[in-house]
Structure formats: structure tokens, C-alpha cells
*Asks:* 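Below: one structure in C-alpha cells.
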2 protein chains.
Amino acid sequence: MASGSLKSNVDLLLMGVLRHGPAHGYAIIASLRERSDGGFELAEGTIYPALHRLEQAGLVESSLQTAQGRRRRTYALTARGRKEFSAQRREWQGFVASMEAVIA
Amino acid sequence: MASGSLKSNVDLLLMGVLRHGPAHGYAIIASLRERSDGGFELAEGTIYPALHRLEQAGLVESSLQTAQGRRRRTYALTARGRKEFSAQRREWQGFVASMEAVIA
DNA sequence: CGGCTATGCCTAGCGTGGCGAGGTATGGCG
DNA sequence: CGCCATACCTCGCCACGCTAGGCATAGCCG
């Protein structure tokens with residue numbers, strides 16, 4: 001991972017994955033790794049607490065399932081989550097623009 | 001500032017300003033505010049410790065001066081600082097690319 | 001002169017959050 | 001039967017942004 005500069009964008013990333021459809025923790029990690037072409041290698045200790053936070057905030061909802069004898073908690077984006085994703089993405093883009101203005 | 005969080009890119013920003021020439025703390029804050037068009041409003045409690053960190057790491061060097069009766073510590077990027085800036089900027093760009101791949 | 005504001009620097013400590021390390025449990029393979 | 005992958009969870013460290021405080025000088029306005 002690029003030196004931990006993940007700083008507080010985890011929520012945005014999780015919502016970014018979840019907006020394509022429900023997924024469970026392990027799958028989210030894999031999806032992040034693939035989509036970023038290896039750029040993101042999130043630790044479990046990072047995403048599970050983050051998912052709990054998002055659920056607490058009503059941005060995602062989860063349901064416990066059992067597939068192939070394995071316990072899974074599948075997360076899905078809520079309507080509020082979709083709105084929040086758009087808002088945070090806009091914010092992120094503004095942030096990037098500001099960064100570019102200083103370092104480009 | 002957009003939700004406060006600078007996401008640990010303060011060092012990169014400081015070097016981004018300093019690469020145009022030496023400056024002192026207050027001027028750096030002003031420069032950041034102007035270049036980012038108001039996007040960045042760094043607190044003193046953010047930049048002074050950060051500048052000390054950078055100096056500790058040998059990426060900037062400072063000298064105490066007196067201008068118009070006021071005490072100023074002027075910071076300048078070192079050669080190592082310039083290299084580090086380039087490296088961190090590259091890293092940042094990779095990070096942005098990864099982010100885009102997930103949320104765009 | 002007296003007060004207010006801007007300039008300028010600094011630091012103690014709080015809160016947040018990423019993440020390493022450890023724990024639990026099942027399925028499948030050799 | 002070990003071992004690894006899948007799958008979830010949590011404790012606690014630590015880095016770091018930032019609030020809140022403190023200090024000092026210059027300059028303006030009345």
C-alpha cells in the first residue's frame with residue numbers, strides 16, 4: 001500500500017465498492033485490491049470497524065447469512081448511503097483539485 | 001476547509017509551497033490558502049509541528065530572522081527535500097489513480 | 001497613552017482512525 | 001490429521017490533525 005495515505009477515505013472506498021451491489025467483508029477487500037490494481041490492500045482491522053461505523057451511521061445495512069457452511073455478513077448500501085457517497089465523492093474531488101493546485 | 005481532514009498530506013503540501021522558495025510559517029499558511037483558492041485553511045497547530053518534523057527529517061532547514069522588529073523562522077527546502085517531494089508527489093498521484101478506479 | 005488587531009511563533013493534550021496482532025470457526029486438500 | 005484459505009471480530013498502539021492556550025511586537029485609531 002502506498003504508505004498508508006488512506007487516511008479517512010476508507011468510508012468513501014467502501015461505499016464505492018458497495019454501490020455496485022451487496023458484498024461481504026472479505027469480498028470487499030478483494031474487490032478493492034482488484035479495482036485499484038493492487039494499490040489498495042486494506043487490513044481486516046481497517047475495514048470491519050469501518051463497516052460497523054457505516055452501519056451505525058445508517059449508510060449501510062447488513063444481514064447475516066450462511067453460504068457453504070460459512071458465516072457471512074453481507075453489507076448493502078442504503079439510500080442515505082448512496083447520497084452520502086455522492087457527497088463525499090464531490091468533497092474528495094474538491095480536495096484533489098486543491099492538492100493539484102499546490103503540488104502540480 | 002472541506003470537512004477538516006487533511007488526510008496526512010500536510011508534509012507534501014508544505015514541500016509543495018516551499019519548492020517555490022523559502023517562506024516562514026504564517027506565509028506558508030497564507031500561500032496554501034491562496035493557491036488552493038480557500039480550500040486549505042491549515043491551523044498553526046498543524047503546520048508548526050509538521051515543519052519541525054520535516055526539519056528533523058532533514059527535508060527542510062530553517063533560520064531565525066528579524067524583519068520589521070518581528071521574529072521569523074524562515075524555512076527552505078533542502079536537496080533531500082526536493083527529492084522527497086517528487087517521490088511523495090508520485091505516490092500521491094498513484095493514490096489518486098487508485099481512488100479514481102474505485103469511486104469514479 | 002491605551003486598547004485592539006494583526007503578525008508571528010510555539011506546545012500540551014484530546015480525539016480519531018488505520019492497522020498489527022491475536023482470537024474464533026468452518027471447509028477442503030494432500 | 002495438519003495446514004491453508006475463507007470469514008468474522010476486537011484490543012490496543014501510535015501517528016497526527018487540530019483546539020486551545022500562551023508569549024511577544026507592530027501599527028492603527030481615538
Side-chain angles (χ1 to χ4, degrees), chain A residues 1-15 17 22-34 36 39-57 59-60 62-75 88 91 95 98-99, chain B residues 1-15 17 22-34 36 39-57 59-75 88 95 98-99:
Chain A
M1 173 119 38
S3 87
S5 92
L6 258 189
K7 304 306 174 180
S8 86
N9 295 300
V10 174
D11 292 2
L12 180 54
L13 286 173
L14 293 179
M15 291 189 284
V17 167
H24 64 283
Y26 235 64
I28 293 174
I29 294 177
S31 182
L32 245 12
R33 180 173 42 231
E34 283 159 29
S36 70
F40 295 137
E41 191 70 50
L42 298 223
E44 297 175 32
T46 298
I47 69 139
Y48 287 116
L51 285 169
H52 298 337
R53 276 201 308 272
L54 290 179
E55 185 161 29
Q56 201 71 22
L59 304 178
V60 303
S62 76
S63 63
L64 214 42
Q65 300 168 341
T66 308
Q68 293 110 38
R70 285 198 200 89
R71 212 165 106 261
R72 281 181 176 180
R73 183 170 295 277
T74 300
Y75 291 90
Q88 281 195 26
E91 213 176 278
F95 176 68
S98 290
M99 283 292 290
Chain B
M1 173 126 36
S3 89
S5 177
L6 269 185
K7 294 129 191 182
S8 85
N9 295 296
V10 175
D11 292 3
L12 180 54
L13 286 172
L14 292 179
M15 290 189 285
V17 168
H24 63 283
Y26 235 64
I28 292 175
I29 293 177
S31 183
L32 245 12
R33 180 172 43 230
E34 283 159 28
S36 70
F40 295 136
E41 191 70 50
L42 298 223
E44 296 175 31
T46 297
I47 68 138
Y48 287 116
L51 284 169
H52 298 337
R53 274 201 310 270
L54 289 179
E55 185 161 29
Q56 201 70 21
L59 304 178
V60 304
E61 49 191 14
S62 75
S63 63
L64 216 42
Q65 300 168 340
T66 309
Q68 291 110 39
R70 286 196 201 90
R71 213 167 105 261
R72 282 180 176 180
R73 184 170 294 277
T74 300
Y75 291 90
Q88 282 195 25
F95 176 68
S98 290
M99 282 293 288

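Just the heavy atoms: all of them, side chains too, but no hydrogens, waters or symmetry mates, feed the values below. We name chains A, B, ... by the order of the sequence lines, and we start the count at 1 in each one.
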*Asks:* Under a 4.5 Å cut-off applied to non-hydrogen side-chain atoms, are R73(A) and H24(A) in contact?
*Replies:*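 The answer is no, as the side chains (C-beta and beyond) never meet within the 4.5 Å cut-off.
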*Asks:* Among dG17(D), dT10(D), dC8(D), which nucleotide has an atom closest to any side-chain atom of P49(A)?
*Replies:*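 Among dG17(D), dT10(D), dC8(D), the one nearest the side chain of P49(A) is dT10(D).
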*Asks:* Measure the distance from CG on L51(B) to P on dC18(D) and round it to the nearest whole Å.
*Replies:*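 Spelled out: CG on L51(B) to P on dC18(D) is 14 Å.
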*Asks:* Picking from E55(A), R72(A), H52(A), what satisfies side-chain hydrogen bond (donor to acceptor under 3.5 Å, both in side chains) with S62(A)?
*Replies:*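 Between S62(A) and the candidates, side-chain hydrogen bond (donor to acceptor under 3.5 Å, both in side chains) is satisfied uniquely by E55(A).
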*Asks:* Please state whether the base of dC18(D) and the side chain of E44(B) form at least one donor-acceptor pair under 3.5 Å?
*Replies:*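 No pair found.
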*Asks:* For F40(B) and F95(A), take the angle between the two ring planes, folded into 0 to 90°, and tell me which bin it lands in: parallel under 30, tilted 30 to 60, perpendicular over 60.
*Replies:*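 Perpendicular.
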*Asks:* Rounded to the nearest Å, what distance is computed from the CG atom of residue L42(B) to the C1' atom of nucleotide dC10(C)?
*Replies:*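 Between C1' of dC10(C) and CG of L42(B): 16 Å.
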*Asks:* Just N and O in the side chain of Y48(A): are any of them under 4.0 Å from OP1 or OP2 of dC9(D)?
*Replies:*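 False: Y48(A) side-chain N/O out of range (4.0 Å or more) of dC9(D) OP1/OP2.
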*Asks:* Please tell me which of the listed nucleotides, dC16(D), dC19(C), dT11(C), lies nearest to the side chain of R53(B)?
*Replies:*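 When the side chain of R53(B) is considered, dC16(D) is the closest of dC16(D), dC19(C), dT11(C).
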*Asks:* In this structure, how many angstroms lie between the C1' atom of dG18(C) and the CG atom of L54(A), rounded?
*Replies:*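 Those two atoms, CG and C1', are 14 Å apart.
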*Asks:* When all nucleic acid strands are considered with a 4.0 Å heavy-atom cut-off, which category describes G45(B): base, sugar-phosphate, or nothing?
*Replies:*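 Result for G45(B) = base.
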*Asks:* Taking the side chain of T46(A) as its heavy atoms from C-beta onward, which of dA7(D), dT19(D), dC19(C) lies nearest to it?
*Replies:*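 Nearest to the side-chain atoms of T46(A), counting from C-beta on, is dC19(C).
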*Asks:* What pair of heavy atoms forms the shortest contact from L42(B) to I29(B), and how long is it?
*Replies:*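 Minimum heavy-atom separation between L42(B) and I29(B): O-CG2, 3.7 Å.
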*Asks:* Between atom CG in L64(B) and atom C1' in dA24(D), what is the gap in whole Å?
*Replies:*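 From L64(B) CG to dA24(D) C1': 13 Å.
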*Asks:* Give the nucleotide from the list dC19(C), dA7(D), dG8(C) with an atom nearest to the side chain of A43(A).
*Replies:*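 My answer, after comparing the listed nucleotides, is dC19(C).
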*Asks:* Given atom CD of E41(A) and atom P of dC19(C), what is their separation to the nearest angstrom?
*Replies:*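 It works out to 11 Å between those atoms.
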*Asks:* Out of dA7(D), dC9(C), dG17(D), which nucleotide sits closest to the side chain of Y26(B)?
*Replies:*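 So the nucleotide nearest the side chain must be dC9(C).
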*Asks:* I want to verify a distance call: between dC8(D), dG8(C), dG17(C), whose nearest atom is closest to the R70(B) side chain?
*Replies:*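 The nucleotide sitting nearest to the side chain is dG8(C).
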*Asks:* Is there a side-chain contact between L59(A) and D11(A) (heavy atoms, below 4.5 Å)?
*Replies:*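 In short, these two side chains do not touch, never coming nearer than 4.5 Å.
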*Asks:* Starting at CD of Q56(B) and ending at C1' of dT11(C), how long is that distance when rounded to a whole Å?
*Replies:*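 Whole-Å distance recorded here is 15 Å.
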*Asks:* Whole angstroms only, please: what is the CG-P distance between L12(B) and dG17(D)?
*Replies:*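 Answer to the nearest Å: 12 Å.
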*Asks:* Has R71(B) got a side-chain N or O lying under 4.0 Å from the OP1 or OP2 atom of dC10(C)?
*Replies:*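 Answer no for this pair, as no side-chain N or O of R71(B) is under 4.0 Å from OP1 or OP2.
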*Asks:* Please confirm whether the shortest side-chain N or O distance from H52(B) to OP1 or OP2 of dT11(C) is below 4.0 Å.
*Replies:*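 Affirmative; the distance criterion is met.
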*Asks:* Side chain of V10(A): nearest nucleotide among dG17(D), dT19(D), dG18(C)?
*Replies:*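 Taking heavy atoms from C-beta onward, the closest nucleotide is dG18(C).
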*Asks:* For D11(A) and dC19(C), give me the distance from atom CG to atom P, rounded to whole Å.
*Replies:*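 Rounding to the nearest Å, CG of D11(A) and P of dC19(C) are 13 Å apart.
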